Amino acid sequence: MKIPQMIAAEFRRLTSTKMSVIALIALIAVPVLYGGLYLWANQDPYAKFAEVPVALVVEDEGVPASTSATGDTTEARNVGEEIADELVADGAFDWQRVSADEAEAGLDESRYDFAITFPADFSDALASVQTDDPRQAEIVLSTNDANSYLAGTIGKQAVEKIRATIAEKVGEEAASTLLDSISTIRGKLVEAADGAAQLADGAGQAVDGAAQLQTGATKLADGNAQLATGSAQLATGTQQLADGTAQLATGSATLADGAAQVADGNAQLAASADRVGAAVADAAAAVPEARTDIEAALQAQGLDQATIDAVLARLDVVGDRITTGNEKVQSVVGDIDRLADGSRQVADGSAELAAGASTAATGAAQAASGAAQLSDGAAQAATGSAQLRDGVGTLQTGLGKLADGSTELRDGLDEGAKQIPDSSQSTRDAQASTIADPITLETSSLAQAGNYGAGLAPFFAALAGWIGIYALFLIVKPISRRAVTALHSPIRITLAGWLTPGLLGAVQMGALYLVLAFTLGFQMHHPLGVVGTMIFASVTYAAIILALNVWLGSVGQFIGLVLMVLQLVTAGGTFPWQTLPEPLAALHHVLPMGYVVDAMRQFMYGGDLSRAAADFGVLAIWLVGALVISAIGVTRMTHFRTLRDLQPSLIG
């Protein structure tokens, strides 16, 4: 009997009755129902989040409008309400605005999968960043794992996304405010730089003016010093004049007293009178010239005309009296010269002379006193002008430092303004947006599944293939006892026992592929590679379970179930295999289902085909190894019989 005949005989047995046909069809449909229904149910759950009911509680009281110390007015704002409105408009979940009590009751009664609450101080906490007491705002997530553990996980992800969105929004507003403030500061720096430039120019002009003032003050000090010297000399001269007039008064009195004696010594008196007359005439002649010299000296000292006139007025009184006295003296001298005519007239004239001399002495004394006051005033003026000269020098030095400092200030403000970029409002808005969210995620995928269901498809297709083969071996006889008895060809018997479930498994995988590719619409980058992997995996599974059945019988069938469970957790179909405990991770590298999953991913998502070829190599080793082990078992069955072969199976 040839291999096709043995396969045909097994198919006739499997379809001998209507119930057998129904059972065969049902078992063939097992992988399609398992893999298809599960992947259909999980095809794209993320697209259904909009139907997930979520309670949204807004207790936020907002922040009232306020006016800062600088006069800036802040509008009233309720960030919690703003975010809630955005969430409802976005529609990522079935948001339902409820109270806190309604949210708690609904979560307890499974009407909501989770609840999100914005507390009463939410807006106030966000606004506290601009105060001396900043604090974090809080979002409250309420979950109930008794309803769904994954719902709580989804809620945490949703809250994290909300938190990131709010943080980005608050950060953008804060950055915008900061950049606007920096722009304002730059404008003020530019204005300050302009003012500093004007100050520097004014300080330079002040330095020039102070230099001119210093020159004038120096000249004034020198002139006042000369005036002080001249007025001191004037005081000395007038004092001498006063002394002389006092002496003249005394002499005139003596002359009056000795008028009688004059008559006796007319010749001697005439000589004396001539000398006195000459002296008085000289004094009278010197008064106008002294007045002119004094006036010139006062003018040279820079005194005003009123002061000069006051001084000269006092001198004029003395001069007038000296002139008057001179006239009288000259008259007396004439009289003395005419003493020969009458001693009595000389006596009378000498009396008058004594009176005039007394008046002249008084005027000269007053002139001396005025000259002394003038000397003191001139000395004070010289001291003050010297102090003025020194003060102007200090002022000039200070103004020089002011000019240097204002120049440095101007340059510093100008340099500082240049270091702050002059940006437009649109540029600042873009900068604030970038500061708030400086990183954008750009994904590049070497291979992409498309959606959640497509991501799970390789794993569940591989698992469905094992389940399908396992179910077929419930009705398919691994090795025909008739063939073992009639034939002594272990290879043909093994191949016939393997190809029968292998062909049925290929039908299963073909049907499952049609469901994945057309019913569920999963994208296949390499369709032939995907269906080829599924079929090759199925025939490999058939060889493995065949070997278990040949050697262990129904116990081997049970071990096939155990292997399915082990591969369910070690294939790395959901989480990466690296997350497995070490013993299970070691099994991942040994058991075949992980390689089936990997090969399907490469073909289905457009991955590395060389990896798929390596996976096929591992599966081929399992296939060949299982067939060899099966053939060895069949050889034992055709040549030997033991008591164990006659014992009933522990299972069934």
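Values in this document were obtained by computation on a predicted structure and should not be read as measured data. Hydrogens, waters and symmetry mates are skipped; everything else that's a heavy atom, side chains included, is used.
A side-chain donor-acceptor contact under 3.5 Å links N78 to the backbone of E81. A donor-acceptor contact shorter than 3.5 Å links the side chain of Y605 to the backbone of A454. In this structure, the side chain of E160 does not engage the main chain of G155 through any donor-acceptor pair within 3.5 Å. Panel note: side chain S630, backbone A626; a donor-acceptor pair is recorded below 3.5 Å. Checked by atom type and distance alone, the side chain of T500 pairs as donor or acceptor with a backbone atom of A496 at under 3.5 Å. D94 places no side-chain N or O within 3.5 Å of a backbone atom of P53 that could act as its donor or acceptor partner. Side-chain N or O atoms of W498 include one that pairs as donor or acceptor with a backbone N or O of V539 at under 3.5 Å. The closest donor-acceptor contact from the side chain of S123 to the backbone of V79 lies under 3.5 Å. A donor-acceptor pair under 3.5 Å is formed between the side chain of S128 and the backbone N or O of A125. Remark: the backbone N or O of F536 is paired with a side-chain donor or acceptor of T540 at under 3.5 angstrom.
Surrounding CD of E109 are more than 12 heavy atoms belonging to other residues, nucleotides or ligands, all under 6.0 Å away. Residue Q136 places its CD atom among 12 or fewer non-hydrogen atoms of other residues, nucleotides or ligands, all under 6.0 Å distant. Other residues, nucleotides and ligands contribute more than 12 heavy atoms inside 6.0 Å of the CD atom of Q96. Within 6.0 Å of CD1 on I491 lie no more than 12 heavy atoms contributed by other residues, nucleotides or ligands.
Here the shortest heavy-atom pairing between Q508 and V32 reads O-CG2, 3.9 Å. When all heavy atoms are compared, the tightest approach of L504 to I28 is CD2-CD1, 3.9 Å. Contact between G573 and R601 at its shortest, heavy atoms only, is O-NH2, 3.3 Å. Here the closest non-hydrogen pair linking I544 and L563 is CG2-CD1, 4.4 Å. Of all heavy-atom pairs spanning L472 and G505, the tightest one is CD1-N, 3.9 Å. The two atoms that bring G594 and H588 nearest to each other are CA-CE1, 4.3 Å, heavy atoms only.
Contact check for S538 versus I469: side-chain heavy atoms found under the 4.5 Å cut-off. Side-chain contact between L548 and Q557 is absent, with no heavy atoms from C-beta onward closer than 4.5 Å. Between E51 and F49, every side-chain heavy-atom pair lies at or beyond the 4.5 Å cut-off. You'll find the side chain of V569 stays beyond 4.5 Å of the side chain of W577, heavy atoms only. With a 4.5 Å cut-off on side-chain heavy atoms, M604 and P527 do not count as touching. Between Y112 and V54 there is no side-chain heavy-atom pair separated by less than 4.5 Å. The side-chain heavy atoms of W40 and V515, taken from C-beta on, include no pair separated by under 4.5 Å. Residues V140 and I116 have side chains not in contact (no heavy-atom distance under 4.5 Å, counting atoms from C-beta outward).
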Problem set entry | Y541/V596 under side-chain contact (heavy atoms from CB on, under 4.5 Å): CA gap, chis, key distance, verdict | CA-CA 10 Å; Y541 297 158; V596 176; 3.4 Å; yes

For this session: Evaluate side-chain hydrogen bond (donor to acceptor under 3.5 Å, both in side chains) for D608 paired with Q602, printing each intermediate quantity in order.
Result: CA-CA 6 Å; D608 186 359; Q602 306 310 314; over 6 Å; no

Exercise. How far apart are the C-alpha atoms of D113 and T143, what are their side-chain angles, what is the distance that settles it, and do they pass the side-chain contact (heavy atoms from CB on, under 4.5 Å) test?
Worked result: CA-CA 7 Å; D113 283 358; T143 61; over 6 Å; no

For this session: Please report the C-alpha distance between I154 and V52 in whole Å, then the side-chain angles of each, then the deciding distance to 0.1 Å, and finally whether the side-chain contact (heavy atoms from CB on, under 4.5 Å) criterion is met.
Result: CA-CA 10 Å; I154 294 170; V52 175; over 6 Å; no

For this session: Let me see the working for D124 and R135 under side-chain contact (heavy atoms from CB on, under 4.5 Å), right down to the final yes or no.
Result: CA-CA 9 Å; D124 187 62; R135 64 186 188 280; 2.6 Å; yes

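Separating the CG atom in L568 from the OG1 atom in T574 is a distance of 8.5 Å, to the nearest 0.5 Å. Atom CG of D108 sits about 6.5 Å away from atom CG of N144, to the nearest 0.5 Å. Distance CG/L126 to CD1/I83: 8.5 Å, rounded to 0.5 Å. Between the CG atom of L591 and the OG1 atom of T570 there is a distance of 5.0 Å, given to the nearest 0.5 Å. To the nearest 0.5 angstrom, L528 atom CG is 9.5 Å from F603 atom CZ. Remark: D598 CG to M593 CE distance equals 14.0 Å, nearest 0.5 Å.
Look at D90 and K161 and you find no salt bridge, because none of the NZ, NE, NH1 or NH2 atoms lies under 4.0 Å from a carboxylate O. Between R77 and D60 there is no salt bridge, since none of the side-chain N atoms of the basic residue sits less than 4.0 Å from a carboxylate O of the acidic one.
Taking the six-membered ring wherever Trp is involved, the centroid distance between the rings of F93 and F114 falls below 6.0 Å.
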Side-chain donor-acceptor pairs under 3.5 Å in residues 459-468, sequence neighbours left out?
{"unit_1": "W466", "atom_1": "NE1", "unit_2": "G560", "atom_2": "O", "d": "3.1"}

